[in-house]
Amino acid sequence: MLTNQSIGYMDAPVPKDMNLKEAIDKLRKEKNAIILAHYYQTGDIQDIADYIGDSLALAQWAAKTTADIIVLCGVHFMGETVKILCPDKKVLVPDLNAGCSLADSCPAPEFAEFVKQHPDHVVISYVNTTAVVKAVTDVVVTSTNARQIVESFPEGTKMIFGPDRNLGNYINSITGRNMLLWNGACHVHEQFSMEKILDLKKQYPDADVITHPECKQPIIQVSDFVGSTAALLKHTIKSEKKQFIVATESGVIHEMRKQSPDKEFIPAPPNDSTCAYNECNFMRLNTMEKLYNCLKFEMSEIFVDEDVQKKAIKPIRKMLEISEKLGL
Ligand code: 13P
Ligand code: SF4
């Protein structure tokens, strides 16, 4: 995943007395850059971003920006998705080491072989995949639009879904489809502790348990609401409930609290840890200092092979077109 760029600049010293918010803002204006941040970023990065969103929203913003530079505060596959959509723009990420265990659970050669073994199947890939996997895909989905995109194919269509087995199982269960699933998973969403969630339910009997579909089936089964990061956020805004036990990466709680300051958000804890909340170690590699250095030095840039880009843009565009038609 790392390019051959030097990555030493990422940790270049930043003066301690520097007002990072002002410095980042100045650079962004000077360079006609925009900052896109995923909800799993730290609060300070979310607050300075031009746009915050889930995977679908970030791709939608990237597709329509007129900025010269796009800084993607998220993980590598998100930067790749933006570069595929905007091949002529400079796409930067604050830390090139920000990978994704789910994308890593789907090595491109093995996935291509799996696809080859099922030539009569439509290939549906979750956005959490590398560009090379997207290049052998018919349509990309995110957790916000997976159900509707799967249902846009006639009943009986043979389908492969990769790489998240939990999201795939969940979509199969709510659509009645029988997609063949790749056996991949996200180490963050698979780590929630059922025991601790059940304890929290006893402690907060009026709370809704809200869960991302990358979580394991038993956690989904004890949940009151299941949805993508954006859907969970929307649910907390619309719901009359005052307390929510949140089973997804805890970064999204920052925006939930901002949107609903009168409500209480309790992060669901992971297994095997004394930690009360669950963070993605990859997402959290990005910092304000690295964001500043990335804009200042215009590194680390994301590159995608031209041939791969030309193939991978088709299933991403297809996703964006279907999402637009469905008003997502
Ligand atoms: P969404 O942003 O589509 O909800 O996906 C969650 C995730 O794990 C991103 O890495
Ligand atoms: Fe990947 Fe999971 Fe982190 Fe999302 S939370 S970036 S799926 S490792």
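Just follow the structure's listing: the first ligand is 1, and inside any ligand the first atom is 1.
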query = At what distance is the nearest protein heavy atom to atom 10 (O) of ligand 1, and which residue and atom is it?
reply = N128 ND2, 3.3 Å

query = Any side-chain donor paired with an acceptor under 3.5 Å for H254 and D47?
reply = yes

Ligand 2 contacted by H187 (non-hydrogen, < 4.0 Å) = yes

task = Name the option, out of D104, L102, N128, that contains the heavy atom nearest to atom 4 (Fe) of ligand 2.
result = N128

query = If you measure every N/O of T142 against every N/O of ligand 1, is any gap under 3.5 Å?
reply = no

ask   = So which heavy atom in the protein is nearest atom 3 (O) of ligand 1, and how far is it from that ligand atom?
value = S143 OG, 3.0 Å

inquiry  = Looking only at side-chain N and O atoms, does N278 offer a donor or acceptor that is under 3.5 Å from a partner on H189?
reply    = no

inquiry  = Looking only at the side chains, is there a donor atom on one of Q46 and Q41 sitting less than 3.5 Å from an acceptor on the other?
reply    = no

task = Consider every N or O of S55 and every N or O of ligand 1, then say whether any pair is closer than 3.5 Å.
result = yes

task = In plain terms, say whether E321 and R317 are close enough for a salt bridge, that is, a side-chain N and a carboxylate O under 4.0 Å apart.
result = no

Where ligand 1 meets E214 - atom numbers and elements under 4.0 angstrom, heavy-atom basis = 5 (O), 6 (C), 7 (C), 8 (O)

message = With no hydrogens and no angle check, just 3.5 Å: does a side-chain donor-acceptor pair link T144 and D54?
response = yes

ask   = So, Y51 versus T65: side-chain donor-acceptor pair below 3.5 Å or not?
value = no

Subset of ligand 2 atoms that lie under 4.0 Å from at least one heavy atom of E214 = 7 (S)

ask   = Ignoring hydrogens and geometry, is there a side-chain-to-backbone donor-acceptor pair from E214 to H187 under 3.5 Å?
value = no

request  = List every atom of ligand 1 that sits less than 4.0 Å from any heavy atom of M78, numbering the atoms from 1 in the order shown and giving each element.
outcome  = 9 (C), 10 (O)

inquiry  = Assess whether a salt bridge exists between K31 and D68, defined as any Lys/Arg side-chain N lying under 4.0 Å from an Asp/Glu carboxylate O.
reply    = no

request  = Please write down residue, atom name and distance for the protein heavy atom closest to atom 4 (O) of ligand 1.
outcome  = T229 OG1, 2.5 Å

query = Short question: side chain of T157, backbone of F153 - any donor-acceptor pair under 3.5 Å?
reply = no

Atom 3 (Fe) of ligand 2 contact by C186, N, O or S atom under 2.8 Å = no

query = In the protein, which heavy atom is nearest to atom 8 (S) of ligand 2, and how far is it?
reply = S101 OG, 3.4 Å

query = Looking just at side-chain N and O atoms, do S223 and T211 make a donor-acceptor pair shorter than 3.5 Å?
reply = yes

Proximity to ligand 1 by part of Y126, non-hydrogen separation under 4.0 Å = side chain

key: Any donor-acceptor N/O pair, K134 side chain to T129 backbone, under 3.5 Å   = yes

request  = Do me a favour and list the nearest non-hydrogen protein atom to atom 3 (Fe) of ligand 2 with residue, atom name and distance?
outcome  = C280 SG, 2.4 Å

message = Quick test: of every protein heavy atom, which one is nearest to atom 2 (O) of ligand 1, and how far off is it to 0.1 Å?
response = H38 NE2, 2.7 Å

key: Short N/O/S contact of C100 with atom 1 (Fe) of ligand 2 (below 2.8 Å)   = yes

request  = May I ask whether Y39 places a heavy atom under 4.0 Å from ligand 1?
outcome  = no

